[in-house]
Amino acid sequence: MASVGTPVAQTQPALPSGPTVFKTVPYAFILPEILCGTWVWILVAATSVSFPLLQGWVMYVSLSSCLISLLLLLSYIFGFHKNSENWKVLDSLYHGTTAILYMSAAVLQANATINSEFHPNSPLYYQLNSAASFFAFITTFLYILHAFSIYYQ
């Protein structure tokens, strides 16, 4: 006689791999993070770096997070995670930490933008710096969205 109240094992949702990475909500943010982060370091590199300490940190954060996010995206696409629960923890910790670092970089880039108003080639560098600040804050927002959506999933 079979028991009526047998508990059903809950299965965790499978981590995406292949093209479904781009269709799943938390993981679909990785590609826009990479693209906006790439714009940040391209725009900062295009300016006359008048404040090397400020903009050096922006370049470091944007370039390193762009490369690590690219490696993370490739590992999801090729299925290196093997549906391990540890990947969710790693993903949440990485994106949360990167969101904090990117927020500090975005604030420093905004400070460099304000200070670039008084540069001799003011209009060109001010526009490039303000575009870099815009993309830095957008990238920060994307990392925050990714971290919270993977945490609450």
Side-chain angles (χ1 to χ4, degrees), residues 13 15-153:
L15 293 174
S17 60
T20 58
V21 170
F22 302 110
K23 298 175 186 173
T24 309
V25 168
Y27 310 102
F29 292 129
I30 296 176
L31 190 59
E33 291 164 2
I34 293 170
L35 294 175
C36 289
T38 303
W39 273 112
V40 170
W41 63 266
I42 287 173
L43 289 167
V44 171
T47 65
S48 169
V49 180
S50 306
F51 311 101
L53 187 62
L54 299 179
Q55 291 179 308
W57 176 249
V58 175
M59 288 291 288
Y60 172 74
V61 169
S62 61
L63 188 58
S64 62
S65 63
C66 184
L67 291 176
I68 294 171
S69 292
L70 182 64
L71 290 174
L72 190 63
L73 178 65
L74 290 175
S75 67
Y76 278 123
I77 288 174
F78 293 123
F80 293 143
H81 52 75
K82 295 187 172 81
N83 209 17
S84 172
E85 188 66 26
N86 295 334
W87 277 85
K88 284 187 178 182
V89 174
L90 172 81
D91 194 352
S92 180
L93 287 175
Y94 165 69
H95 281 89
T97 304
T98 307
I100 293 168
L101 294 176
Y102 237 110
M103 179 59 79
S104 70
V107 168
L108 290 176
Q109 180 59 38
N111 185 17
T113 301
I114 293 168
N115 291 333
S116 70
E117 259 188 301
F118 308 110
H119 196 273
N121 294 332
S122 179
L124 175 65
Y125 293 133
Y126 181 75
Q127 290 172 356
L128 289 173
N129 280 322
S130 60
S133 296
F134 173 76
F135 280 111
F137 281 108
I138 293 296
T139 308
T140 302
F141 181 67
L142 287 170
Y143 276 107
I144 290 170
L145 277 178
H146 188 118
F148 277 119
S149 64
I150 194 73
Y151 180 73
Y152 286 117
Q153 187 182 29

Check your understanding: Can you name the side-chain hydrogen bond (donor to acceptor under 3.5 Å, both in side chains) partners of T47, sequence neighbours left out?
Key ->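 Partners of T47 under the side-chain hydrogen bond (donor to acceptor under 3.5 Å, both in side chains) test: none.
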
Of all residues at least two apart in sequence or in a different chain, which pass the side chain to side chain contact (heavy atoms under 4.5 Å, CB included) check with [X]?
X    : answer
T98  : S65, Y94, Y102, Y143
L31  : F22, L35, L73
A147 : H95
S92  : I150, Y151

Exercise for review: Report yes if some heavy atom in the side chain of N129 is under 4.5 Å from a heavy atom in the side chain of Q109; otherwise report no.
Suggested key: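 Side-chain contact under 4.5 Å: yes.
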
Check your understanding: Below 4.5 Å, heavy atoms only, C-beta onward: do C36 and L142 meet side chain to side chain?
Key ->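 Of all side-chain heavy-atom pairs linking L142 with C36, at least one is under 4.5 Å.
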
Exercise for review: Can you run down the side chain to side chain donor-acceptor pair (under 3.5 Å) pairs that involve residues 132-141, sequence neighbours left out, and say none if there aren't any?
Suggested key: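 As it turns out, the side chain to side chain donor-acceptor pair (under 3.5 Å) pairs with a partner in residues 132-141, which skip direct neighbours, are T113-S133.
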
Could you grab the distance from atom [atom1] of [X] to atom [atom2] of [Y], nearest 0.5 Å is fine?
X    : Y    : atom1 : atom2 : value
Y125 : E117 : OH    : CD    : 16.0 Å
S149 : I144 : OG    : CD1   : 11.5 Å
M103 : F141 : CE    : CZ    : 10.5 Å
L71  : I34  : CG    : CD1   : 9.0 Å
T38  : L67  : OG1   : CG    : 8.5 Å
Q127 : L43  : CD    : CG    : 11.5 Å

Identify, with sequence neighbours excluded, every residue that meets ring-ring contact (aromatic ring centres under 6.0 Å, His included) alongside [X].
X   : result
Y27 : Y76
F80 : none
W57 : Y60

Check your understanding: Where do L90 and H81 land on the side-chain contact (heavy atoms from CB on, under 4.5 Å) test, with the steps shown first?
Key -> CA-CA 11 Å; L90 172 81; H81 52 75; over 6 Å; no

Review point. Which heavy-atom pair separates A46 from L128 by the least distance, and what is that distance?
Key: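 Smallest heavy-atom distance, with atoms named: O-CD1, 3.8 Å.
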
Check your understanding: Counting N and O atoms only, with roles assigned by atom type, does the side chain of S69 sit under 3.5 Å from a partner on the main chain of C66, one being a donor and the other an acceptor?
Key ->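 No, S69 side chain to C66 backbone: no donor-acceptor pair under 3.5 Å.
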
